[in-house]
Amino acid sequence: QKEVEQNSGPLSVPEGAIASLNCTYSDRGSQSFFWYRQYSGKSPELIMSIYSNGDKEDGRFTAQLNKASQYVSLLIRDSQPSDSATYLCAVFLSGGYQKVTFGTGTKLQVIP
Amino acid sequence: EADIYQTPRYLVIGTGKKITLECSQTMGHDKMYWYQQDPGMELHLIHYSYGVNSTEKGDLSSESTVSRIRTEHFPLTLESARPSHTSQYLCASSGGSGSYTGELFFGEGSRLTVL
């Protein structure tokens, strides 16, 4: 079982719709959770961090965390063609080996 | 905007050559990382450092080596490059502590092609 799992997509949504991206993780000791956006040929860029159960909103982005279900999601409201990218879910596990583990990413395509 | 720089951005070299990929950050971050990523594939951690004179290997076995003599500098070296080393190498840093350690800032990457 992979430590962080995402559907690779592509997820296609029409412009103006809500895009919903999902991620599950295997280690219950995971402490913090991140969403990175990676445009084709570019480096990942941090767009959202979430540390406690519930929702966290930042502009058109909402991150949701459910530690009991080991589930993280990212909602993008009013999707724009410029949101077309690969979205990487990342999980931080503290302890002896503090590391950030990335999922394989979900490719999002916003259709004009 | 993050201030983390990688050079060269692109490198094409022949088999057997020694190469060093440079990574520098001006944010005073104590933690630095090297990831390897093939096109359309996931990120793999190959090296990390939590401070000066501290380096560890990551999840993906790599023939490269790293050093951390100064806080701002984290170079990666391949003593003898092979075609299997062809990939994108991404350097990242983090200044956070505890749970904030996962907030990484990435450089623009070094794309290496070994012929």
Side-chain angles (χ1 to χ4, degrees), chain A residues 2-10 23 25-27 29-53 56 58 63 65 67 72 84-109, chain B residues 1-7 9-10 21 23 25 27 29-51 54-60 87-113:
Chain A
K2 283 197 170 186
E3 293 180 64
V4 181
E5 296 212 44
Q6 296 180 255
N7 187 322
S8 61
C23 169
Y25 59 94
S26 61
D27 196 318
S30 300
Q31 286 188 294
S32 45
F33 309 86
F34 308 88
W35 285 98
Y36 288 80
R37 177 177 61 200
Q38 186 173 26
Y39 291 113
S40 181
K42 301 294 186 181
S43 298
E45 172 192 17
L46 178 66
I47 56 171
M48 289 290 285
S49 308
I50 187 164
Y51 304 98
S52 56
N53 280 330
K56 178 182 177 183
D58 183 1
L65 174 62
K67 288 188 176 181
V72 193
S84 297
T86 297
Y87 289 81
L88 305 171
C89 175
V91 173
F92 173 68
L93 178 66
S94 68
Y97 179 359
Q98 298 186 12
K99 64 174 183 177
V100 178
T101 301
F102 286 84
T104 54
T106 298
K107 186 172 184 178
L108 172 66
Q109 295 177 339
Chain B
E1 190 168 318
D3 294 320
I4 178 165
Y5 307 100
Q6 291 187 240
T7 57
R9 292 287 315 282
Y10 304 92
L21 304 180
C23 177
Q25 49 96 4
M27 298 171 283
H29 287 173
D30 53 351
K31 302 172 188 66
M32 296 188 74
Y33 309 83
W34 277 103
Y35 287 88
Q36 186 174 341
Q37 185 181 37
D38 293 323
M41 304 298 286
E42 62 191 289
L43 287 160
H44 292 287
L45 180 66
I46 52 174
H47 296 284
Y48 64 100
S49 168
Y50 285 162
S54 156
T55 62
E56 300 288 343
K57 288 187 179 293
D59 298 325
L60 182 67
S87 190
Q88 169 94 321
Y89 293 84
L90 293 164
C91 182
S93 71
S94 170
S97 60
S99 296
Y100 298 93
T101 302
E103 295 186 355
L104 304 181
F105 294 92
F106 284 86
E108 293 187 304
S110 292
R111 184 169 295 282
L112 173 65
T113 302

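Numbered from 1 within each chain, the chains take letters A, B, ... in sequence-line order. Given the structure is predicted, the values throughout are model-derived calculations rather than measurements.
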Practice prompt. Check each atom of B:Q37 against the heavy atoms of chain A and say whether the ones under 4.5 Å are side chain, backbone, both or neither.
Written response: side chain
Discussion item. Working to the nearest 0.5 angstrom, can you tell me the gap between A:K42 NZ and B:L90 CG?
Written reply: 12.0 Å
Practice prompt. Considering non-hydrogen atoms only, spot the tightest contact between B:G102 and A:V100 and give its length.
Written response: CA-CG2, 3.4 Å
Fill in: Residue among A:F92, A:F34, A:F102 satisfying side chain to side chain contact (heavy atoms under 4.5 Å, CB included) with B:L104
A:F102
Worksheet entry | Contact origin within A:Y36 toward chain B - heavy atom pairs under 4.5 Å | side chain
Item to complete: Answer yes or no: does atom NZ of A:K67 have more than 12 heavy-atom neighbours from other residues, nucleotides or ligands under 6.0 Å?
Response: yes
Worksheet item: Are any side-chain N or O atoms of A:T104 and backbone N or O atoms of B:E42, one a donor and one an acceptor, separated by less than 3.5 Å?
Response: no
Discussion item. Side chains of B:E108 and A:S43: any donor to acceptor distance under 3.5 Å?
Written reply: no
